[in-house]
Amino acid sequence: MRGLQMRLEGRRLVRAVANRPDMRWPLPVALVDTLVGARVIGFRRRAKYILMRLDSFWSVLIHLGMSGRMVIGPAGRNAVTPHEHLELETDDGWRVGFVDPRRFGSVDLVETAHEDAHRLLAGIGPEPLDDAFTVKVLEAALAGKRTPMKAALLDQKVVAGLGNIYVSESLYLAGISPLRLAGTVPGLRARRLVPAIKATLTEAIAAGGSTLRDYVQPSGELGYFQQAWKVYGRAGEPCPGCPGEPTCPGVRRIVQSGRSTFYCPRTQK
DNA sequence: CAAGAATCCTGTCAGC
DNA sequence: TGCTGACAGGATTCTT
């Protein structure tokens with residue numbers, strides 16, 4: 001969102017082209033007409049959605065799905081991939097493309113005054129970096145739940161914006177087993193989990209932000225935060241919390257509701 | 001009602 | 001080199 005913001009905020013859109021309407025949900029018929037001629041007046045993020053506000057009382061709601069990315073470059077160049085489903089061009093000569101090979105992403109229009117009433121945003125849980133996301137709030141959301149913690153944190157109604165990677169990372173940092181039933185977490189563990197989630201996301205955003213600051217590479221390489229992963233994708237490696245610990249079994253990979261989970265069986269209970 | 005499975009789609013990578 | 005199958009950062013919808 002910040003990458004888009006610095007290129008688009010304050011600019012007028014002089015061109016918009018929808019190359020493929022069949023995303024996760026069909027692009028709204030009025031999308032191109034709404035975009036062309038509009039000025040971008042601001043950005044907001046909610047959960048994993050980007051909201052781009054126009055001066056016409058409309059906001060553009062963007063979700064990147066699993067494979068989506070925004071590419072930014074000088075205007076006049078052709079699409080860099082056949083998967084650039086939406087193209088925008090600014091009045092100061094920049095071009096922004098929405099690239100999404102798997103097309104799990106989506107773009108929709110919503111009235112700015114009623115953004116949070118959009119069906120995709122209604123019912124989503126608290127923003128993890130808000131002060132309103134407290135131990136008390138998390139405990140209330142987990143109370144009585146019989147799902148494993150992995151599934152509970154992936155549930156956007158419990159807390160907004162955690163994906164598969166950050167769930168593993170947050171649980172590792174908090175010393176909580178991904179297998180533990182959510183209803184048993186309130187108490188000591190919830191008190192550790194809230195700061196663990198905040199720290200994980202803050203660090204990831206800082207790492208991502210550092211490459212977005214000079215973005216432009218249309219390759220869209222994201223390589224940044226991977227360096228900082230403690231357990232995700234590290235099956236078999238000794239986990240960072242157990243240096244020299246002879247009983248450390250190393251990071252283990254399991255599958256929970258069809259998704260990979262990585263954790264340390266020794267430190268996460 | 002809640003929880004797990006199936007589903008959408010394409011690219012990449014390991015193994016043969 | 002080329003083929004096949006497994007798997008991938010998400011989230012809704014269907015089934016149990």
Side-chain angles (χ1 to χ4, degrees), chain A residues 1 3 19-27 45-50 61-71 79-86 97-108 118-125 128 140-172 178-185 197 200-201 203-205 207-209 211-212 218-236 252-263:
Chain A
M1 188 204 74
N19 294 313
R20 270 199 86 141
D22 54 332
M23 305 291 294
R24 178 73 170 84
W25 287 284
L27 298 186
R45 181 197 56 75
R46 173 71 172 118
K48 296 171 189 168
Y49 294 90
I50 296 168
L61 181 71
I62 301 169
H63 195 298
L64 298 176
M66 286 176 92
S67 58
R69 66 182 197 267
M70 308 301 298
V71 296
V80 287
T81 113
H83 302 297
E84 194 165 326
H85 308 310
L86 180 65
F98 179 36
V99 174
D100 183 12
R102 287 175 83 177
R103 305 208 309 283
F104 287 179
S106 59
V107 178
D108 201 4
H118 191 282
R119 66 180 181 91
L120 295 172
L121 297 184
I124 280 184
L142 297 178
K145 273 184 112 53
R146 300 182 177 285
T147 45
M149 275 308 287
K150 167 62 185 286
L153 290 186
L154 226 33
D155 182 349
Q156 303 295 295
K157 293 191 286 292
V158 171
V159 56
L162 289 183
N164 202 42
I165 294 172
Y166 300 148
V167 167
S168 278
E169 294 294 309
S170 299
L171 287 172
Y172 171 72
L179 298 162
R180 170 173 288 277
L181 296 188
T184 71
V185 163
I197 289 171
T200 297
L201 291 177
E203 193 189 341
I205 291 167
T211 50
L212 279 176
S219 64
E221 288 306 316
L222 289 184
Y224 49 80
F225 187 65
Q226 298 181 19
Q227 297 291 348
W229 293 346
K230 305 278 194 300
V231 288
Y232 189 88
R234 298 193 183 279
R252 183 174 296 168
R253 174 187 182 272
I254 59 174
V255 174
Q256 292 179 286
S257 44
R259 317 288 308 278
S260 292
T261 301
F262 296 86
Y263 74 111

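All chains are named by letter (A, B, ...) in the order of the sequence lines, taking the proteins before the strands, and each is independently numbered beginning at 1.
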Q: Nearest whole angstrom, please: distance from the P of C:dG10 to the CG of A:D100.
A: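 Rounding to the nearest Å, CG of A:D100 and P of C:dG10 are 13 Å apart.
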Q: Not counting sequence neighbours, which residues clear salt bridge (charged side-chain N to carboxylate O under 4.0 Å, His left out) with A:R20? List them please.
A: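 A:R20 satisfies salt bridge (charged side-chain N to carboxylate O under 4.0 Å, His left out) with A:D22 once adjacent residues are dropped.
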Q: Need one value for A:G258: base, sugar-phosphate or nothing, where a base atom within 4.0 Å counts as base even if backbone is also close, heavy atoms only.
A: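 If one applies the 4.0 Å heavy-atom cut-off, A:G258 turns out to touch nothing in the nucleic acid.
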Q: Going by the rule ring-ring contact (aromatic ring centres under 6.0 Å, His included), which residues pair with A:F98 if we only count those two or more places apart in sequence or in a different chain?
A: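 ring-ring contact (aromatic ring centres under 6.0 Å, His included) list for A:F98, sorted by chain: empty.
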Q: Do you know the tightest heavy-atom contact between A:S67 and A:P101?
A: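 Looks like O-CD, 3.4 Å.
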Q: Quantified in whole Å, what is the P atom distance between nucleotide B:dC1 and nucleotide C:dA11?
A: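 Result for the P pair: 23 Å, nearest Å.
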Q: Atom pairs under 3.5 Å, N or O on each side, protein against nucleotides 2-7 of chain C: can you list them with distances?
A:
none

Q: Would you check if the side chain of A:Q156 reaches a backbone N or O of A:G125 as a donor-acceptor pair within less than 3.5 Å?
A: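 No: the side chain of A:Q156 does not pair with the backbone of A:G125.
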Q: Would you measure the distance from the C1' atom in C:dT12 across to the matching atom in B:dG11 and give it in whole Å?
A: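 These two C1' atoms come out 23 Å apart once rounded.
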Q: Any stems for DNA chain B, made of 3 or more Watson-Crick or G-U pairs in a row, each with both distances under 3.5 Å?
A: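 Consecutive-pair runs (3 or more) involving DNA chain B: B:2-8 with C:10-16, B:10-16 with C:2-8.
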Q: Are the side chains of A:Y172 and A:T200 in contact, using a 4.5 Å heavy-atom criterion?
A: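 They are not in contact (no side-chain heavy atoms under 4.5 Å apart), so the answer is no.
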Q: Give the first and the last nucleotide of DNA chain B, reading 5' to 3', that has any atom under 4.0 Å from a heavy atom of chain A.
A: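 Here the contact window of chain A covers B:dA3 to B:dG11.
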Q: For A:R24, which residues count as a side chain to side chain donor-acceptor pair (under 3.5 Å) partner, sequence neighbours excluded?
A: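 For A:R24 there are no side chain to side chain donor-acceptor pair (under 3.5 Å) partners, ignoring immediate neighbours.
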Q: For nucleotides 11-16 of chain C, just jot down a letter per nucleotide in 5' to 3' order: B, S or -, based on protein non-hydrogen atoms under 4.0 Å.
A: SS----
Q: Name all residues meeting the side chain to side chain donor-acceptor pair (under 3.5 Å) criterion together with A:S106; count only those two or more places apart in sequence or in a different chain, and write none if there are none.
A: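 None.
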Q: Counting distance only, does the side-chain N/O of A:R45 pair as donor-acceptor with the main-chain N or O of A:A47 below 3.5 Å?
A: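 Side chain of A:R45 to backbone of A:A47, a donor-acceptor pair under 3.5 Å: yes, one is there.
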Q: Of all residues at least two apart in sequence or in a different chain, which pass the side chain to side chain donor-acceptor pair (under 3.5 Å) check with A:H63?
A: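 Testing A:H63 for side chain to side chain donor-acceptor pair (under 3.5 Å), a comparison that skips the adjacent residues, returns none.
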Q: For A:R102, enumerate each residue passing the side chain to side chain donor-acceptor pair (under 3.5 Å) test, keeping only those at least two apart in sequence or located in another chain.
A: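 Not a single residue meets the side chain to side chain donor-acceptor pair (under 3.5 Å) criterion with A:R102.
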Q: Could you list the residues that satisfy salt bridge (charged side-chain N to carboxylate O under 4.0 Å, His left out) with A:R46, not counting sequence neighbours?
A: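 A:R46 satisfies salt bridge (charged side-chain N to carboxylate O under 4.0 Å, His left out) with A:E127 only.
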Q: Can you tell me the distance, in whole Å, between the CG atom of A:N164 and the P atom of C:dG10?
A: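 A:N164 atom CG is separated from C:dG10 atom P by 6 Å.
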Q: Expressed in whole Å, how much space separates the C1' atoms belonging to B:dA3 and C:dG9?
A: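 Those two atoms are separated by 23 Å.
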Q: Does any non-hydrogen side-chain atom of A:V107 lie less than 4.5 Å from one of A:M23?
A: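 When only atoms from C-beta onward are counted, A:V107 and A:M23 do not touch, as no gap falls below 4.5 Å.
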Q: Distance-only check: which donor-acceptor pairs under 3.5 Å involve side-chain atoms of residues 142-154 of chain A, not counting sequence neighbours?
A:
{"from": "A:K150", "atom 1": "NZ", "to": "A:N164", "atom 2": "OD1", "distance (Å)": "2.8"}
{"from": "A:K150", "atom 1": "NZ", "to": "A:S260", "atom 2": "O", "distance (Å)": "2.9"}
{"from": "A:K150", "atom 1": "NZ", "to": "A:T261", "atom 2": "OG1", "distance (Å)": "2.7"}

